[in-house]
Structure formats: structure tokens, C-alpha cells
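Here is how names work: the chains are called A, B, and so on, in the same order as the sequence lines, proteins then strands, and each is numbered from 1. What you see is a predicted model; the values in this text were computed from it and never measured.
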Amino acid sequence: MRMSRMFGHTLREAPTEADSPGHALLLRGGYIDQLMAGVYSFMPLGHRVKRKIEQVIREEMDAAGAQEVTLPAIQPAELWDQTGRRAAMGAVLFQLTDRRDRALALGPTHEEVITRLFADHAVSYRDLPVTLYQIQTKFRDEARPRGGLIRVREFTMKDAYSFDADDAGLDVSYGAMFEAYRRIFARCGVPTVPVQADSGAIGGKGSQEFIFLTSIGEDTIILCDTCTYAANQEKAEFVRPAAVQAAPGAPQATTDIETPGVTSIEALAAFLGIEARQTAKAVFFMATRAATGETFPVFAVVRGDLDVNEVKLANALGDVELRPMLDAEVAQHGIVAGYASPVGLRADVRVVADLSLVDAPNLVAGSNRVGWHTRHVNYGRDWQAAVVADITSAQAGHGCARCAAEGRAGTLRAERGIEMGHVFRLDTTYTSKMDVTLQDAGGGQLTPTMGCYGIGVGRILAAAVEAHCDDAGIAWPAAIAPYDVHLIGLGLDRDAEAAADAEALYAELRAAGLEVLFDDRDERPGVKFNDADLLGMPVRLTVSSRNTKADVVEVKARLATEAESIARGGVVTHVRTQREQGIAACSVEAVEARARGR
RNA sequence: CGGGGCGUAGCUCAGUCUGGCAGAGCGCUGCGUUUGGGACGCAGAGGCCCGCGGUUCGAAUCCGCGCGCCCCGACCA
């Protein structure tokens with residue numbers, strides 16, 4: 001491509017909308033353009049990167065035995081009613097009506113469509129196993145798009161769906177996708193860590209996310225410093241710090257103490273001169289059961305040094321949506337905010353206790369009257385919970401549960417990260433809701449078990465830039481760079497010989513199968529060098545009068561500090577070798593080694 | 001959905017408080033000089049000052065109502 005003909009210009013200053021270094025570089029380089037909140041165009045350079053990422057994905061999916069399809073983006077809304085997800089998705093689902101007033105939706109994901117397609121065309125166990133995938137535009141009306149290409153409302157996603165006869169089959173399909181994902185992220189130069197994750201609204205029995213660890217991430221990831229345990233904070237298990245045990249003898253009798261104006265755990269601990277873990281903390285929610293629409297109050301109790309984890313709490317209650325209780329509802333249920341107590345609660349309030357409370361004696365809890373707390377509150381003796389479960393979040397410094405189970409001491413740390421891909425064991429969640437059965441080998445019927453596997457193409461692009469850039473610009477991983485080589489011609493309008501040399505080299509490189517961005521513009525050298533650094537092709541070549549006279553070409557890898565002169569005759573081979581080395585550098589081992597080490 | 005900020009040239013931003021010719025730098029066009037890390041001179045082009053309504057002799061500027069974008073939070077497959 002001749003730069004003199006390429007659509008789009010580089011910017012010296014980044015538009016103010018840029019909110020990360022990588023996003024700024026993509027905007028400055030003319031890779032992407034924002035049309036509205038969370039909706040982007042990919043300009044020629046950005047489009048090329050996107051296509052290359054898709055190609056990597058396609059190759060790995062095909063190699064894993066998956067078959068590519070294209071599913072409709074526009075779908076009947078009633079399909080979403082069959083699984084109850086039209087309601088579950090809520091406002092995130094883009095909905096519209098056609099001219100006959102039929103309710104439609106723009107696909108945010110395709111479990112329903114693929115399950116229908118599968119049901120229509122698979123008839124017996126002999127059709128299993130099968131994995132189908134597509135690379136498609138998804139639509140999600142996110143409440144708040146952010147982070148450049150990270151959280152957007154229209155985006156390209158690769159989604160794959162596996163169908164198997166049984167759990168053992170699902171394990172094989174899931175494993176194949178998991179390994180393909182590791183290769184995809186590595187080849188694209190994006191370091192990721194697989195972490196245990198909550199399945200969320202998509203349902204199913206367990207899932208793992210591939211996380212790119214970065215300070216601009218929107219998820220909190222918990223990692224062990226000793227073993228390989230890693231999990232999303234929504235899901236992470238941990239060893240609770242020990243409770244302060246009672247002095248020898250039985251739990252003491254409760255006594256009320258006056259605590260004027262003391263409504264937070266910190267204030268309470270300071271006021272009484274005790275630790276936060278010697279207190280009980282209460283948080284109240286309204287829960288709505290998704291299946292029935294039934295609404296009920298929830299009173300969550302955790303030890304004072306821990307925080308309620310809403311995802312875990314919702315899971316402990318089973319298939320509910322939670323929202324914080326309004327002030328009026330708090331009063332209506334006889335709860336005194338700031339001094340709430342699990343002791344003597346009304347029967348219609350569902351009490352859920354964290355595991356940390358069961359063996360923590362003599363805690364200080366609220367008295368359920370303004371200005372008073374109660375000492376020596378004990379679970380079992382003074383109050384009971386409908387559910388006792390893990391409903392608190394792991395935090396940095398907590399113990400690693402896996403290490404503890406295996407007799408080691410591991411300490412957890414917390415980092416920010418972005419979800420690049422997510423693999424789910426859906427089990428028969430969708431096939432049973434949509435009533436899909438196949439004939440089995442024995443003349444009976446079987447309900448296939450599913451897996452689903454997603455990757456955000458735009459997120460890979462954005463993360464690749466965040467992971468590979470410097471102050472001057474982008475440094476693309478070899479496999480996804482828009483062009484393999486950036487060929488700069490200096491002073492070509494003044495030197496016909498150098499101009500002919502540059503043209504010849506441009507042709508030779510292309511004839512050798514390399515993709516070349518040729519800066520043939522009438523610009524000063526500084527402009528060209530700076531644009532080359534900004535745009536970030538892996539290799540830069542410079543042809544100029546003095547190089548042509550010496551029968552050499554200057555070569556510089558994007559991140560190298562110095563250029564080197566090599567004989568004109570060896571340029572094509574040299575570039576090809578550099579490209580191969582660049583691709584080899586993105587091995588699974590090399591990229592994953594980088595992933596945790598940030 | 002709650003809180004905050006911002007909408008003026010392709011980009012970055014002055015001008016708004018205190019109403020009175022639509023501005024600067026970069027970028028863009030032409031000519032000339034220059035030419036190895038974002039040159040210089042001369043001459044130009046480019047604006048629904050987010051929109052609508054109001055106040056006023058007069059509104060980018062003041063008032064009201066919208067819309068859009070960004071940030072923090074809530075939410076997030």
C-alpha cells in the first residue's frame with residue numbers, strides 16, 4: 001500500500017476522548033474512529049488488524065475441528081422468551097419491531113439461535129460431537145460503554161458452541177477449545193491468565209475467563225503468589241482470617257452498649273478499641289426470583305473484616321436478582337440502618353450468613369435501635385440463618401484455599417484485568433429449556449450437553465496495543481500487524497535512482513509474499529520516521545540516496561534502538577527471517593510466561 | 001440509573017465570568033526555499049460557536065428546555 005493513497009491521516013495530538021495509552025495510539029494512528037458512544041469504525045489499518053486476528057482465530061478453530069457458520073444477527077424476540085433470557089438480559093438487549101409489529105432483537109450472543117439450528121438438523125447421537133463457530137457482530141446496549149474498544153455496544157465476537165452426548169464428551173470439546181484459546185491469545189501477542197469465573201446470566205456449570213492483566217482493567221482478579229490459582233473476585237475462594245477466639249469458658253452473655261453516632265464498622269472498631277473481625281456487618285437487599293418474579297428481603301451478615309460479594313450471595317440464594325434495599329424498604333422490614341442486628345429479625349426477612357460467622361464467638365453486632373450495639377453475639381445461640389454460605393469477597397492478603405487444601409501457605413493478591421475470552425460448560429441448560437432431544441444408541445432419547453466459548457476480537461486488538469507500545473507508538477506483534485514491513489523512501493523526488501530503487505524493493509517484497517506499507521509521500525524524514533513509529537509495523541526499511549549509492553538498505557525492528565545497514569540483495573530474505581522470528585516469539589510458552597509477571 | 005465535567009475549524013484549545021467584527025497552534029491547499037527524527041517564508045481555504053426557545057438594539061457569551069460526548073459509581077454474558 002502506498003501511503004500517499006491510504007485513507008486516513010495520523011494525528012499529532014490524541015483526541016480527548018482517548019482514555020488509555022493504547023486507545024490514544026489507535027486514534028492518533030487512524031486505526032479507528034468513534035461514531036457514537038461505544039460504537040467504532042475500523043479504518044483501513046484497523047480493519048487489516050481485525051482481519052488478521054480473525055484469521056488467527058479461524059485457523060485455530062478449524063484446527064480444533066470446529067466448523068464455521070454465520071448466524072443471523074437479527075432474531076425473533078420470542079426465541080429469547082423460550083429461555084427466559086429476554087427478561088434476564090433486560091435493557092442490555094437491543095429490541096426493535098418490524099413493519100408487522102413483530103418483536104425482534106439484535107443478537108447479543110447466540111445460544112438460543114444455535115440451539116434451535118442444532119435441534120433442526122441433528123437427529124441422532126451419530127451427529128455428535130459437533131462444535132460450530134462464527135465470527136459475528138454482536139449488539140449489547142451497555143449501560144456505560146468505556147475504555148475505547150474494551151466495553152462497546154457493537155462489537156465483533158467469535159462465538160463457538162459444542163454439543164456432546166455426555167459430560168465426558170463435553171470435557172473433550174471444552175478442553176479442545178481451551179487449548180485453542182491459549183494458542184490464539186499467544187499468537188496475537190496478548191498475555192492472558194485463565195481464571196475461574198462465575199457463569200453469570202449465561203448459566204451453566206462452571207466457566208473460565210482468559211484475562212489480560214492491566215491497570216486499566218475493569219474486573220478484579222485474585223491470584224495466588226505460590227500456586228497457579230487465579231479467579232475472578234466474583235468467584236474466588238479464600239481462607240478467612242482466623243476469628244478472635246473466646247477466652248476459656250463458654251460464650252459470654254450479651255450486653256448492650258451505647259454507641260452514639262457509630263454506624264460503620266471502622267467507627268465501631270475504633271470506638272470500642274477492637275478489630276473489625278470481632279464485629280458482625282449486615283447488608284440488606286431485595287431479591288427477585290427470576291423464575292417466578294417473587295420478591296423478598298435478604299439480610300446478609302458477614303464478619304466485619306469482610307465484604308459481601310453480591311454474585312456469591314445471589315448464587316447462595318439460587319437464581320435471583322439482587323438490588324440494594326431502599327431506605328423505605330429497610331424501615332418497612334423493621335431494620336435500623338447503621339445498627340442492624342441479625343438478632344430478633346422479623347421472620348419474613350431471609351437471613352444469609354457468611355461461613356466466617358459460624359466459629360466467630362462474641363461478636364459485636366447492632367442492637368437494631370439507634371445508638372446501641374450488642375456485645376457477645378453468637379451464631380446459633382442468639383440468631384440463626386436460613387442459609388450459611390461463602391458470600392464474601394477474597395481480598396489481597398487472604399490465604400489461598402487451594403494451597404491450604406494441599407498443605408501449603410499461599411497468599412492471594414488482587415490485580416485488575418480485562419476479559420478477553422470466556423469458556424463455559426453450559427451443560428443441558430439450553431437444550432432442556434428448548435426441549436432438544438436426540439435418539440441415543442439404545443433406542444432412547446438423550447439431551448445433548450453444551451459448551452460455549454467466546455472471544456472479543458476488538459478486545460484482542462486493544463489489548464495487543466496496550467501490551468506492545470512505547471511512548472512513540474504501537475509495536476504490533478508480527479502475526480497481527482496490518483503490514484509486515486514499513487518501507488520508507490527518503491528524498492525520492494530529488495533522486496531518480498533512489499526512487500527507482502525504492503519502487504523495485506516495494507515490488508520485490510510484495511512478490512516475496514510480504515505485505516508492505518510504502519511511504520512514498522513527499523514528506524520530510526522526521527515526519528516519516530515518526531509516523532512509522534506511531535503506526536508500529538514490526539520492521540522498518542529505509543531507502544535513500546546515500547543507501548542506494550552504497551547498495552544497502554537500512555533495517556530497523558520497531559523496538560530496536562539502532563538501525564543496521566544490510567546489503568541490498570539480502571533485504572527480502574532478511575525481512576522474511578525477521579517476520580518468522582517475530583511469529584515464533586509469540587509461542588504459548590513465551591507469551592504466557594509474560595502474563596502473570598506484571 | 002445516581003453524581004460530576006465538557007460541547008467553538010479535521011485535531012488540541014482560547015474567547016463565555018464582565019453580551020459588541022469568529023480566534024490561536026497543529027493539520028489542509030498553492031508557490032518558493034529546504035531535506036536523515038514532526039523545517040521556513042508568502043498567499044489561501046476551512047465555522048449551523050451542539051439544537052430549539054427566550055431575554056436584549058445586539059447572544060458563542062445571559063436564562064430555560066432538550067441532545068450528545070467523557071469521567072466516577074451502579075450494572076456487565
Side-chain angles (χ1 to χ4, degrees), chain A residues 8-20 23-24 27-30 33-39 80 83 85 88-93 107-112 138-148 150-153 155 157 159 197-204 207 209 216-220 232 234 285 310-311 314 321-324 326 418-419 421-424 426 429-430 452-456 471-473 488-495 498 519 521-534 540 542-548 554 556 561-563 565:
Chain A
H9 295 274
T10 55
L11 298 174
R12 198 177 290 201
E13 290 176 276
T16 40
E17 72 206 42
D19 49 22
S20 71
H23 187 209
L27 291 167
R28 280 185 55 206
D33 176 81
Q34 182 174 352
L35 179 63
M36 58 179 179
V39 179
W80 289 81
T83 54
R85 287 212 298 174
M89 288 272 172
V92 171
L93 188 67
T109 175
H110 283 73
E111 282 79 17
E112 281 80 0
K138 308 285 192 209
F139 301 88
R140 296 180 189 177
D141 195 359
E142 297 286 352
R144 181 147 99 81
R146 71 177 103 188
I150 300 305
R151 179 161 295 278
V152 288
R153 300 197 292 169
F155 57 100
M157 181 175 172
D159 47 324
D198 184 74
S199 297
I202 206 163
S207 73
E209 293 171 332
I216 65 168
E218 50 183 14
D219 290 328
T220 299
N232 194 306
E234 295 175 350
F285 299 89
E310 279 192 44
V311 172
E321 291 269 311
L322 292 176
R323 66 167 172 79
L326 303 175
I418 300 170
E419 176 187 351
H422 203 155
V423 292
F424 299 82
L426 294 181
T429 308
Y430 290 84
C452 85
Y453 319 92
I455 286 184
D471 290 343
I488 288 179
L490 295 184
L492 302 186
D493 55 324
R494 287 170 285 120
D495 184 335
D519 193 346
R521 299 174 302 170
D522 180 17
E523 288 287 354
R524 297 172 63 82
V527 172
K528 296 193 174 192
F529 288 135
N530 279 307
D531 275 349
D533 288 345
L534 172 62
R540 187 186 82 192
T542 307
V543 171
S544 67
S545 286
R546 74 183 195 208
N547 286 338
T548 296
E554 275 168 70
K556 180 180 168 300
T561 46
E562 298 288 330
S565 292

Nucleotide nearest [X] (side chain, heavy atoms from C-beta), chosen from [options]:
X	options	answer
Arg151(A)	A77(B), C69(B), C76(B)	C76(B)
Asp493(A)	C11(B), U35(B), A77(B)	U35(B)
Met36(A)	C69(B), G37(B), C71(B)	C69(B)
Pro108(A)	C75(B), A77(B), G36(B)	A77(B)
Glu523(A)	C69(B), C28(B), A77(B)	C28(B)
Ala37(A)	A77(B), A74(B), C69(B)	C69(B)
Met89(A)	C72(B), G38(B), A77(B)	A77(B)
Arg546(A)	G36(B), A77(B), C69(B)	G36(B)
Lys556(A)	G37(B), C69(B), G27(B)	G37(B)
Arg28(A)	U35(B), G38(B), G36(B)	G38(B)

At under 4.0 Å, does any side-chain N or O of [X] touch on OP1 or OP2 of [N]?
X	N	result
Arg12(A)	G27(B)	yes
Arg144(A)	C72(B)	yes
Arg524(A)	A39(B)	yes
Thr16(A)	C6(B)	no

Exercise. For Pro108(A), does its backbone N or O pair with a side-chain atom of Arg140(A) as donor and acceptor, under 3.5 Å?
Worked result: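 It does hold such a pair.
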Exercise. Where the side chain of Asn530(A) meets the backbone of Gly526(A), is there a donor-acceptor pair that is under 3.5 Å apart?
Worked result: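 Present.
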Look at all strands and tell whether [X] reaches a base, only sugar-phosphate, or nothing, counting heavy atoms closer than 4.0 Å.
X	answer
Ala14(A)	sugar-phosphate
Glu321(A)	nothing
Arg153(A)	nothing
Arg85(A)	nothing

Inter-nucleotide [atom1] distance ([N], [M]), Å rounded:
N	M	atom1	answer
C72(B)	U61(B)	C1'	30 Å
C63(B)	G44(B)	P	39 Å
G27(B)	C52(B)	P	34 Å
A74(B)	A60(B)	P	42 Å
G51(B)	G10(B)	P	14 Å
G46(B)	C11(B)	C1'	14 Å
G47(B)	G64(B)	P	31 Å

Considering Watson-Crick and G-U wobble pairs with both distances under 3.5 Å, what does [N] pair with?
N	answer
C17(B)	none
G10(B)	C26(B)
C52(B)	G64(B)
G37(B)	none
G2(B)	C72(B)

Problem set entry | Those residues that, when tested against Thr429(A), pass side chain to side chain donor-acceptor pair (under 3.5 Å) (two or more places apart) |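 Expected list: none.
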Exercise. Can you list the residues that meet the ring-ring contact (aromatic ring centres under 6.0 Å, His included) rule with Tyr453(A), with sequence neighbours excluded?
Worked result: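 For Tyr453(A) there are no ring-ring contact (aromatic ring centres under 6.0 Å, His included) partners, ignoring immediate neighbours.
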For this session: Go through the N and O atoms of the side chain of Asp533(A) and the base of G38(B), and report whether any donor-acceptor pair is under 3.5 Å.
Result: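 Check fails, no donor-acceptor contact within cut-off.
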